[in-house]
Each structure stands twice: as structure tokens, then as C-alpha cells.
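Reviewing the structure listed below.
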Amino acid sequence: HHSELSITSSTTLIFTGGGGGTWDDYQTVSFSVVDDDYDEATGDGLHYGHITHTAASDDTNYDGQSRQINPEVYDEDVSGITLTESDGSTAVTEDGTTDTDTYTIVLDSKPYYDVVVTVTDDTEAYTDKSSLTFTDGDWDSTQTVTVTAFKDYIDETSEPHTGTVSHSVTSTDSKYDGMSLSSVATSITDDDTAGGNIPGYDAEVDEGATGDGNYDFVLTSEPVANVVITLVDFDEQYEAMTALTFTSSNWNVSQSVTVTATDDDVDEAATHQHYIWNSFSSTDPKYSSGFIGIGVTITDDDTADMTLTES
């Protein structure tokens with residue numbers, strides 16, 4: 001018999017001759033199908049087993065005669081690959097390394113030859129494995145892939161954005177070679193926020209004292225285009241200040257602004273506060289508009305009085 005089938009009755013049948021012989025009595029052969037986990041079905045879902053009967057007898061008319069039957073076998077095994085995402089989806093936070101998610105891959109039938117699943121990530125997320133290999137010994141053991149978001153410092157346009165992990169399948173087993181396997185769309189929550197930060201400043205200046213005040217300005221995320229910070233003095237209380245330019249290379253390096261109050265010869269309050277608007281402009285949509293105001297206290301050096309001079 002073929003390995004697809006298992007004889008469950010006796011494998012030897014004895015027929016006797018003569019007047020009281022059993023030569024003309026049917027004898028039953030029982031067999032079952034071996035569940036082998038291989039996908040052997042053809043296009044109609046069938047394959048065939050074989051049972052061969054060989055006669056041995058002192059009667060030369062029978063000795064050596066052979067007969068074969070070919071039972072149809074309905075195969076219950078179907079080649080395929082099952083990909084399962086934890087909790088039904090894959091989602092990570094862009095924090096560098098600590099927040100990860102997983103999915104598993106397993107074959108649906110035993111392969112005749114090794115099956116290699118190649119794992120390809122993109123620029124948004126990466127995996128801990130570049131390939132998975134399944135053999136006829138471990139085909140039904142799930143293998144786990146861990147996904148981690150790449151840490152960048154750009155405030156992405158959409159929240160969350162998506163990374164894609166794709167797969168390709170190769171094998172000498174024709175049932176598996178080139179089989180399609182879905183990609184994993186990884187939802188990534190960004191942890192960067194576009195904006196500016198003033199880490200510290202000298203908020204008091206004396207009117208007319210050159211370079212008396214200063215503050216530092218820095219961006220809070222990496223821009224995708226140059227960002228110009230224009231320093232606007234609506235009250236015309238300060239000497240002209242040079243605009244700041246931040247790029248993708250220096251966005252996280254503080255730039256210093258020197259503040260000099262204009263000596264306007266007007267007796268104002270002993271101290272009065274005015275604002276400097278740090279206004280954003282860029283082709284990066286996250287930095288294309290907006291401003292951050294900073295209040296500076298000016299100590300006045302003018303006193304209202306009259307001087308009378310006689311000739």
C-alpha cells in the first residue's frame with residue numbers, strides 16, 4: 001500500500017482450493033487514510049492512494065499475479081500562511097525602543113521543502129527579523145516578529161502615521177513558492193510637536209544700554225524645510241534684531257537674541273513692559289505661521305523737567 005493509506009485489517013489473505021475451498025469467497029480489506037499534513041490535492045481537491053495485491057502460491061497460474069486499486073483521497077490539508085496581529089492590529093509609539101508590538105506567522109500545511117518568508121520594513125518602522133524559515137519539522141510552530149517605530153524628531157503631518165512591513169515567500173515546494181502574504185500596516189503615534197522654546201532669558205533691560213538683555217530660542221522638532229524666526233517689535237521700543245534661521249541640522253541648537261532698548265528721550269513710567277514677537281515662517285506646514293511672544297521690562301532713563309537758562 002502507498003504511505004497515504006494504512007491497512008487496518010490483515011495484510012495477508014489466504015484462499016484455499018478444492019471442493020471445499022474458499023477461493024470463491026470474497027474477503028474484505030479495510031484501510032484508512034493517513035493524515036500526513038501535506039497538501040497533495042490537485043485542482044479538483046483529490047489525490048490518489050495505491051493498494052497493491054501480490055499473489056504467492058504453488059499454483060503457477062496464480063503465483064506472482066498482481067492487482068492494484070487506486071482509491072480517491074480527499075485531502076483536508078490546504079497550503080497557506082496565517083499571519084496574526086496581536087489584538088488584531090499593530091500599533092507603536094515613536095519613542096525610540098521601548099514601545100513595540102508583535103505579529104505571528106505560521107504555515108497551514110507541512111511543506112516538502114523549507115519555506116522562507118522574507119520580512120521587509122520601511123523608513124517608518126523596523127522589525128527584529130529579516131526572514132523566517134519554516135521546515136517540515138516546525139511548520140506548525142508560530143514565529144513572532146517584533147515591530148518598533150524608528151525614532152525621528154519630525155512632527156509628522158498626520159496623527160498617527162503608518163509604516164508598512166511587507167513579506168515575500170520562496171520555497172522549492174511549488175505549493176508555497178511565490179505565495180502571497182499580506183503586509184502589516186503599523187500605526188505609529190508621533191511624539192514630536194512643532195514649536196519653539198525659550199529656555200531662559202534676561203527679561204530686564206535699561207533704556208539705552210547696548211546689549212543689556214538677551215534670550216535663547218530653539219525649535220522643539222526637526223523641520224522639513226528651513227524655518228525663519230522674524231523678531232517683531234510692534235511698539236518700536238527695541239533696536240533692530242537679526243532674524244534667526246533654523247535648519248534640519250541646527251534646529252535643536254539654541255540661538256541667542258540680544259535685546260537693546262531704544263533710548264527714546266521720552267519720560268515714561270520708571271519701568272514699562274513691551275513684547276517681542278518671535279514669528280515663524282517656512283514652507284514646512286508645521287512652521288508656516290504662528291509666533292511666540294516674550295515680555296521684556298524696560299527701565300526708563302528719562303525724567304520730565306524743564307531747564308531755564310538765562311543769557
Note, Val29 side chain near Leu13 side chain (heavy atom, < 4.5 Å)
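Yes, side chains in contact.
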Considering residues at least two apart in sequence or located in another chain, which fulfil the side chain to side chain contact (heavy atoms under 4.5 Å, CB included) criterion with [X]?
{"X": "Ser256", "result": "Asn214, Asp216"}
{"X": "Thr193", "result": "none"}
{"X": "Thr60", "result": "none"}
{"X": "Ala243", "result": "Val228"}

Counting distance only, does the side-chain N/O of [X] pair as donor-acceptor with the main-chain N or O of [Y] below 3.5 Å?
{"X": "Asp192", "Y": "Asp155", "result": "no"}
{"X": "Asn250", "Y": "Thr247", "result": "yes"}
{"X": "Thr220", "Y": "Gly195", "result": "yes"}
{"X": "Asp173", "Y": "Lys175", "result": "yes"}
{"X": "Ser282", "Y": "Asn226", "result": "yes"}
{"X": "Glu94", "Y": "Glu124", "result": "no"}
{"X": "Ser288", "Y": "Ser281", "result": "no"}
{"X": "Gln27", "Y": "Ile14", "result": "yes"}
{"X": "Asp122", "Y": "Ala125", "result": "yes"}

Trace of the side-chain contact (heavy atoms from CB on, under 4.5 Å) decision for Asp190 with His161:
CA-CA 8 Å; Asp190 195 64; His161 56 288; 3.8 Å; yes
Hey, what else clusters with Tyr26 if you join Ile, Leu, Val, Met, Phe, Trp, Tyr whenever side-chain heavy atoms sit under 4.5 Å?
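Taking Ile, Leu, Val, Met, Phe, Trp and Tyr as members, Tyr26 stands alone, with no cluster partners.
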How is the hydrophobic cluster of Ile154 composed, in terms of its other members, when Ile, Leu, Val, Met, Phe, Trp and Tyr link through side-chain heavy atoms under 4.5 Å apart, directly or indirectly?
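ILVMFWY cluster around Ile154 also holds Val224.
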Any residue meeting side-chain hydrogen bond (donor to acceptor under 3.5 Å, both in side chains) with [X], in chain and number order, not counting sequence neighbours:
{"X": "Ser86", "result": "Asp101"}
{"X": "Asp24", "result": "none"}
{"X": "Asn278", "result": "Tyr215"}
{"X": "Thr16", "result": "Thr22"}

Show which side-chain atoms of residues 107-120 pair as donor or acceptor with protein atoms under 3.5 Å away, not counting sequence neighbours.
unit_1, atom_1, unit_2, atom_2, d
Asp108, OD1, Thr82, OG1, 2.7
Asp108, OD2, Ile81, N, 3.4
Ser109, OG, Tyr176, OH, 2.8

In Å and rounded to the nearest 0.5 Å, what is the OG1 to CG distance from Thr142 to Leu83?
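The distance works out to 11.5 Å.
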Nearest 0.5 Å, please: how far is CG in Asp233 from CE in Met241?
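Interatomic distance, Met241 CE to Asp233 CG, rounded to 0.5 Å: 5.5 Å.
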Verify side-chain contact (heavy atoms from CB on, under 4.5 Å) between Gln255 and Phe217, making sure each step is shown before the conclusion.
CA-CA 5 Å; Gln255 297 190 43; Phe217 194 94; 5.6 Å; no
Is it true that Phe134 and Val165 fall in one hydrophobic cluster, defined by side-chain heavy atoms closer than 4.5 Å?
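They do share one cluster, since a chain of ILVMFWY contacts under 4.5 Å joins Phe134 to Val165.
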Over all atoms of both residues, closest heavy-atom pair of Ala149 and Thr93:
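Taking every non-hydrogen atom into account, CB-O, 4.1 Å.
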Under the ring pair (Phe, Tyr, Trp, His ring centres under 6.0 Å) test, which residues partner Phe291, sequence neighbours left out?
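Counting only residues at least two positions away or on another chain, Phe291 forms a ring pair (Phe, Tyr, Trp, His ring centres under 6.0 Å) with Trp277.
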Are more than 12 heavy atoms, taken from residues, nucleotides or ligands other than [X], located less than 6.0 Å from that residue's [atom1] atom?
{"X": "Asp87", "atom1": "CG", "result": "no"}
{"X": "Asp58", "atom1": "CG", "result": "no"}
{"X": "Phe15", "atom1": "CZ", "result": "yes"}

In terms of relative ring orientation, are Tyr103 and His167 parallel, tilted or perpendicular, with 30° and 60° separating the classes?
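Tyr103 and His167: perpendicular rings.
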